[in-house]
Each structure stands twice: as C-alpha cells, then as structure tokens.
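First the proteins, then the strands, lettered A, B, ... as listed; each starts at 1. Side chains are part of it too, since the values below use all heavy atoms of this structure and drop only hydrogens, waters and symmetry mates.
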2 protein chains.
Amino acid sequence: MKTDTIPRGEKYRNLGIKLTPQRIAILDYLEGNLSHPSAEDVYKAVLRKYPTMSFATVYNTLETLKQNGMVAELTADPGKKRFDPNPRPHHHLICTRCRRIVDVQVEFRLPVADRDRAGFEITGNHIEFFGTCPDCKKRTYGSSLQQAAGYLRSSG
Amino acid sequence: MKTDTIPRGEKYRNLGIKLTPQRIAILDYLEGNLSHPSAEDVYKAVLRKYPTMSFATVYNTLETLKQNGMVAELTADPGKKRFDPNPRPHHHLICTRCRRIVDVQVEFRLPVADRDRAGFEITGNHIEFFGTCPDCKKRTYGSSLQQAAGYLRSSG
DNA sequence: GTGATTGCAAACTGTTTGCATTTTG
DNA sequence: CAAAATGCAAACAGTTTGCAATCAC
C-alpha cells in the first residue's frame, strides 16, 4: 500500500497533515521565508498560483501548521496576526514605523528568580527589540517618539 | 486667571491634557493599576461611575494618554489591544492559557551587535515570558503544548 | 468510501470615523 | 469663545463560522 507516491508534494509527505494542492502552495510560499507575513500576505502570494484560493483556507491551513509547530503566530502587529515560518528559536527587531519584522538570531540568558515569577511556570520567552528600520530612517517622515511598546498606526 | 482651580481632578492638573470628567474617571481607574486592561475592561470599569461613557471616548482617551507616555499599548493579546498603565520600564509574564499578563520588574542586559541589527536603530526592548499562571496550573484543562509565540484561543 | 478540506458568504469582534452637541481652559 | 472632547451610530478591518461540494488517503 505504500507504493506509487504522487510526486506533487512528496517533500512534505511526513508532516502528519493531509496534503492538498492549496496546502502545498502555502508550504512552498513559507519554506525558507524569513519575512513575517500576515494572512493577507499569504493569501495574495498564493492566489497567483491558485486563483481559487480562499481566505478561509489560508486561515485554516495556518492554524493547522501552527498546531503542528511549523509556524508560530506573532502578536507584534496590532490588529492583525503575523506568522513566522522560521522554526529556529529567535527574537525580533520591530520597526515602530512600518512594522517590518526582522529576525535576531542571538541567544540571551534570561533568568527569572522565583520571587519575580509570580507563581508562573515559564516555558519560553521572546524579545521584541523596537526601533527604526533602515528604509524608514531614510524617509524620516513624522517624529520618532514612539513608545517602546506603543502602537503605530500601520502605514500598510 | 490661574486662581480657583476646581478640586475635581486637581491631581492631574499638570499632565498637559484637557481634563474632562470622563478622562479623570479613566485616570482614576488606571492609577496604580497593575493589570493590563483591554479597552473593554476600561469601559466596563468606568461605566459604573459614568453611565454615559462611550467606547469612542475610551479609545480616544487611551490614545491621548499613549501619546503623552502615560500608558503603553501592548500587543500581547491577539485580536485586541491591551494597555499598560505602569510607567516603569519592565517586562511581562504572559499566561498562554488565559492571557493574563503580570509585570516582571527585572532588568536585563540585551546587547545586539551591529552585525545582528540589520541596520536598525534600536530604541527599546520588551521581553515576553510565556508560561502558565498559577490559576491555570490548578485547572489543568487541555494540554500545555502552546508554542512560545503561539496563539491561544482566549477563553474570555 | 469516509472523514477531512475547500470555498463562499454571512456573521462576529474589536476598532475607527463622521458629525452634531457639549465642555474645557 | 475657540478649540477640543463627547457620544452615538454607522463604517471598517481582520478573523471566524456554517455548510454544501469536493478531495485525499
């Protein structure tokens, strides 16, 4: 019964999820992708090859991939979800002007003493470095007095 | 002209914003508040004293307070804004089950070498520690295999 | 063949906007 | 008294849901 595997999507065979052409297109788009696309980014990119693709399928698939640890969901962009296909543990540089997100592949030691844990069981961490990306530095529009954790009306 | 200041709200006189009863009610609610309320939380709390309060005013006021550095906006909760009235720089413990957020008043040294900065000008940082809060640990519903940066269907 | 996935449209949640009215400084 | 804030309702953006048709295994 394990014969004649269809070539389409064979490289995703052992992911433990049912492979549809739509899912393969999404996986192809995400593979090695170091951007941090929103659901709409994924939708637009995949739509080119799959004109019948629907938003629901994008959301369904991203949710499935998340359940299987193949993408992480980021909250760095207020008002919309962003997805991270980089499976290596890492942190993020976030441009407070255009909300561009870039990976920071640096490890930090972040010990939290029991008395500072408030009884939490800590399972992971993630650092957001806020600042201005090279492109936005050039443009120099508006002022740069964004709060570290503040909100920026996303310009896109 | 600088005489007979109205007692109402005198303690907020020098904030540089126009004081209305609604704003004072919101400021009273936020002062010393170590929770991380959503706009709805603020609305509900203030509505008790101000039955005419509208959502628009809550959003407007929180935006104004943010502009003046009196609250920060958090993106830790997907799908909704959370606000942080604690003016001291700090980090956060985030319960991946109930999305409770607790302050971590610990300082970390987080140097990022030029070659890891991707040309960004870094102006601040914020650490999210993910885990399970004491209450959710007790409940022990569902599995705890949440991704560090993953999304949790908020149970509230 | 059967249970899972798709695609559409409608429903929903949280946020923002327009504007007449009221209020602060 | 001018400029700004309020409150309402309608508009909006992003996400989720229900369900019939289709598809992977």
Side-chain angles (χ1 to χ4, degrees), chain A residues 1-6 8-10 12-27 37-44 46-47 50-68 73-75 77-83 99 151-156, chain B residues 1-6 8-10 12-27 37-44 46-47 50-68 73-75 77-83 99 151 153-154 156:
Chain A
M1 243 51 172
K2 39 151 69 106
T3 48
D4 61 28
T5 354
I6 305 140
R8 131 155 75 87
E10 62 180 287
Y12 301 122
R13 253 178 313 178
N14 299 315
L15 296 181
I17 62 172
K18 197 175 275 194
L19 287 178
T20 65
Q22 293 87 338
R23 286 178 170 189
I24 291 166
I26 292 173
L27 285 164
S38 64
E40 185 178 14
D41 294 333
V42 176
Y43 174 70
K44 278 184 187 164
V46 175
L47 198 60
Y50 257 84
T52 78
M53 172 74 58
S54 82
F55 249 107
T57 298
V58 170
Y59 279 108
N60 285 341
T61 299
L62 288 169
E63 178 64 25
T64 299
L65 297 181
K66 195 179 70 187
Q67 304 295 350
N68 289 66
E73 184 180 312
L74 305 180
T75 57
D77 205 341
K80 70 173 63 156
K81 295 178 171 184
R82 298 276 290 264
F83 296 88
R99 285 288 155 184
Y151 169 59
L152 176 76
R153 196 178 312 272
S154 165
S155 54
Chain B
M1 241 54 170
K2 40 156 63 114
T3 48
D4 61 28
T5 354
I6 304 139
R8 131 156 74 89
E10 63 180 288
Y12 301 122
R13 253 178 313 178
N14 300 315
L15 295 182
I17 64 171
K18 197 175 273 193
L19 287 177
T20 64
Q22 293 87 337
R23 286 179 169 187
I24 291 166
I26 292 174
L27 285 164
S38 65
E40 185 177 14
D41 294 333
V42 176
Y43 175 70
K44 277 184 187 163
V46 175
L47 198 61
Y50 256 86
T52 79
M53 173 73 58
S54 83
F55 250 107
T57 298
V58 170
Y59 278 108
N60 285 341
T61 300
L62 288 169
E63 178 65 24
T64 299
L65 297 181
K66 195 179 69 185
Q67 303 296 350
N68 289 67
E73 184 181 311
L74 305 179
T75 58
D77 204 342
K80 70 173 64 157
K81 295 177 171 184
R82 298 276 290 263
F83 296 88
R99 285 289 155 182
Y151 170 59
R153 197 178 311 273
S154 165

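Using a 4.0 Å cut-off, some side-chain N or O of B/Lys81 falls inside it from OP1 or OP2 of C/dT16. In terms of phosphate contacts, B/Gln22 brings a side-chain nitrogen or oxygen within less than 4.0 Å of OP1 or OP2 of D/dG7. The phosphate of C/dT24 (OP1 or OP2) has no side-chain N or O of B/Thr20 nearer than 4.0 angstrom. Taking only side-chain nitrogens and oxygens, A/Thr52 comes nearer than 4.0 Å to OP1 or OP2 of C/dG7.
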Legend entry - Verdict with reasoning, B/Thr61 to B/Val42, per side chain to side chain contact (heavy atoms under 4.5 Å, CB included): CA-CA 11 Å; B/Thr61 300; B/Val42 176; over 6 Å; no

Inset, instruction - Please report the C-alpha distance between A/Leu27 and A/Leu15 in whole Å, then the side-chain angles of each, then the deciding distance to 0.1 Å, and finally whether the side chain to side chain contact (heavy atoms under 4.5 Å, CB included) criterion is met. - result: CA-CA 11 Å; A/Leu27 285 164; A/Leu15 296 181; 4.0 Å; yes

Inset, instruction - Output, in order, the C-alpha distance, side-chain angles, deciding distance and verdict of side chain to side chain contact (heavy atoms under 4.5 Å, CB included) for A/Gln22 and A/Val46. - result: CA-CA 8 Å; A/Gln22 293 87 338; A/Val46 175; over 6 Å; no

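Rounded to an integer number of Å, the gap from OH of A/Tyr12 to P of D/dA24 is 17 Å. Between B/Asp77 atom CG and C/dT13 atom P there is a gap of 15 Å when expressed in whole angstrom units. Distance, B/Tyr43 OH to D/dT6 P: 14 Å, rounded to whole Å. One atom, CD of B/Gln67, and another, P of D/dA5, lie 12 Å apart when rounded to the nearest Å. In this structure, the CZ atom of A/Phe55 is 17 Å from the C1' atom of C/dA11, given to the nearest Å. With rounding to whole Å, A/Ile26 atom CD1 is found 12 Å from C/dT5 atom P. The distance from atom CG of B/Asn60 to atom P of C/dT24 is 16 Å, rounded to the nearest whole Å. Counting to the nearest Å, the P atom of D/dC25 and the CZ atom of A/Arg13 are 11 Å from each other.
Here A/Ile24 contributes atom CD1 and A/Tyr50 contributes atom OH; the two are 7.5 Å apart, rounded to the nearest 0.5 Å.
Checked against C/dG7, D/dT6, C/dT5, the side chain of A/Arg23 finds its nearest nucleotide in C/dT5. The side chain of B/Glu40 lies closest to C/dG14 when the candidates are D/dC8, C/dT6, C/dG14. Checking D/dG14, C/dT24, D/dG7 against the side-chain heavy atoms of A/Lys80 singles out D/dG14 as nearest.
When all heavy atoms of B/Met53 and B/Leu47 are compared, the pair lying nearest together is O-CD1, 3.7 Å.
Comparing B/Arg82 and A/Tyr50 along DNA chain C, the residue whose closest nucleotide (by nearest heavy atom) sits nearer the 5' end is A/Tyr50. Residue-to-nucleotide proximity on DNA chain D shows that, of B/Lys18 and B/Pro51, the 5′-proximal contact is made by B/Lys18. With DNA chain D read from its 5' end, the first of the two nearest nucleotides for A/Phe83 and B/Met53 is the one closest to B/Met53.
With B/Thr75 contributing its side chain and A/Thr75 its backbone, the two residues share a donor-acceptor pair below 3.5 Å.
By the salt bridge (Lys or Arg N to Asp or Glu O under 4.0 Å) test, A/Arg23 pairs with no residue at all, sequence neighbours left out.
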Distances under 3.5 Å between nitrogen or oxygen atoms of protein and nucleotides 18-21 of chain C:
none

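Inspection of the A/Ser38 and A/Asp41 side chains reveals an N or O donor paired with an N or O acceptor under 3.5 Å.
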